[in-house]
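Below, chains carry the letters A, B, ... as their sequence lines are ordered, and counting in each starts from 1.
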Amino acid sequence: MTHLDSELTMLKADIIDMWRLVLNQMEKGRDALNNFDRDLAEEVVENEKRVNSYELKIDKDCENIFALFQPVATDLRLVLAALKIGNNLERIGDIAASVADFVLDADTDFNKDILEHTKILEMYAVANEMMADTLEAFDKEDTRLARTIFKRDKILDKIDEEALDRVEESIKNYPDQVRNCLLVLSMIRKLERVGDQSKNIAEEIIFYFEAKVLKHKKKKKKEGDE
Amino acid sequence: MSNKIETIDVNLHYGDFHALKDISLGIPENSVTALIGPSGCGKSTYLRLFNRMNDLIPETRITGKVLLDGENIYKIKATKIDALRRNVGMVFQKPNPFPKSIFENVAYGLRVNGITDKSFIEGQVEKTLHQAALWDEVKDKLKKSAFELSGGQQQRLCIARALAIEPSIILMDEPASALDPISTGKIEDLIFELKSEFTIVIVTHNMQQAGRVSDYTGFFYLGSLIEFGKTRKIFTNPSKQETENYISGRFG
């Protein structure tokens with residue numbers, strides 16, 4: 001293994017560790033909401049610092065690799081992708097922490113019917129699955145799996161679009177839970193962004209392995225085999 | 001990490017020419033330290049302090065201290081200079097194998113040091129050829145002349161020859177500048193592998209090479225040490241403007 005190879009292996013390992021941490025943050029955020037577990041919500045808020053320090057470390061490692069090794073071809077694409085994936089993961093980490101913050105803003109536990117009706121738990125399930133699958137796509141060099149991400153983002157978009165009506169209905173059904181309903185609406189608006197970040201990450205994975213740029217391309221081209 | 005080599009206020013004159021000016025620097029053990037700078041900046045002269053090779057140049061005057069494992073090597077008895085040079089191996093710019101077989105090139109240092117045990121010599125030759133990442137390429141032709149090897153192989157042979165007498169320090173003066181990119185890559189990988197066992201100091205004109213192989217970098221200019229630090233720092237955020245100008249190719 002060359003010196004550059006060992007640096008790139010470490011970089012990849014750091015990205016995967018960060019990925020797992022952020023996915024874990026998302027899962028804990030969902031559990032904190034579902035079980036109204038304030039301690040868990042606080043843990044998620046607190047852990048955001050760790051996510052941030054991962055991003056800084058990956059940024060610094062990429063800067064060093066550019067300066068010291070002048071990577072080319074696949075190596076270059078890995079370092080470029082690492083920078084952007086790290087950035088997108090950090091934003092998902094922010095979202096996980098913001099949702100946990102909203103949980104802490106609630107006075108009482110969230111009525112299960114509201115969580116069900118607004119589809120926020122479904123949203124969490126889809127978002128977390130997208131994150132787990134992008135991680136697997138990156139780790140296993142599976143660009144076909146990465147291409148499945150784009151379609152799933154539409155599920156999140158739809159839940160987001162319907163959220164206003166569903167929250168309004170929930171407020172009517174549970175007038176004593178107005179505050180929580182509004183918090184759920186805020187959470188849905190945040191979680192919708194996880195789909196966009198995951199799409200960005202999937203684009204970077206395809207760029208890294210196939211040298212194809214999918215950014216700003218029409219949807220059909222992204223999902224198709226080209 | 002402790003310093004294997006330390007120089008304190010070293011000045012060196014060749015006749016009237018002031019080649020090294022007040023150089024104080026510690027070189028950490030089991031690491032690779034690169035010395036960079038434009039031609040004539042003093043980096044090779046500084047390197048040759050550590051095995052007292054400058055002594056061979058007439059009208060050389062050296063002041064200050066050069067400590068190796070804490071001992072001032074300019075205060076040792078003349079009879080101990082051989083031992084110093086056994087401890088401090090050197091690899092030069094152009095591969096310079098002896099006109100002997102591949103095997104005898106590596107065995108040479110052992111033989112001149114009075115070792116006659118055949119199986120020990122064979123073991124040592126094989127070990128160091130492995131260390132120099134050359135064994136697989138030469139194991140079936142150890143009796144052939146070293147001149148039959150390619151330039152890159154000859155240079156790895158010279159590294160094996162230096163390693164055979166088990167030095168603790170290896171000095172390399174432009175070890176890859178006469179080689180093609182593939183051979184250069186092999187030498188660089190080798191340097192990276194060897195640092196766990198040796199303290200390596202390398203002079204190079206190739207700044208990217210310094211970036212790739214070294215843990216620490218010293219930038220020399222007009223006989224002065226302008227900046228010394230971790231290679232990562234020097235190549236991403238040097239403290240001195242002169243260093244930045246040099247590493248970014250804007251002067252030198």
_B:Leu49 vs B:Leu20, test: side-chain contact (heavy atoms from CB on, under 4.5 Å). Steps then yes/no._
CA-CA 10 Å; B:Leu49 283 176; B:Leu20 292 176; 4.0 Å; yes
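- For B:Glu193, the part sitting under 4.5 Å from any heavy atom of chain A is the side chain, from C-beta outward, and nothing else.
- With B:Thr204 contributing its side chain and B:Gln209 its backbone, the two residues share no donor-acceptor pair below 3.5 Å.
- Counting only N and O atoms by type, the side chains of B:His205 and B:Glu174 include a donor and acceptor under 3.5 Å apart.
- Proximity to chain A is absent for every atom of B:Ser214, based on heavy atoms less than 4.5 angstrom apart.
- When each of B:Arg232, B:Lys195, B:Lys230 is checked for a side-chain hydrogen bond (donor to acceptor under 3.5 Å, both in side chains) with B:Asp215, only B:Lys195 meets the rule.
- For B:Phe235, the parts sitting under 4.5 Å from any heavy atom of chain A are the backbone and the side chain alike.
- For chain B, the nearby part of A:Gln70 is the side chain; its heavy atoms alone come within less than 4.5 Å.
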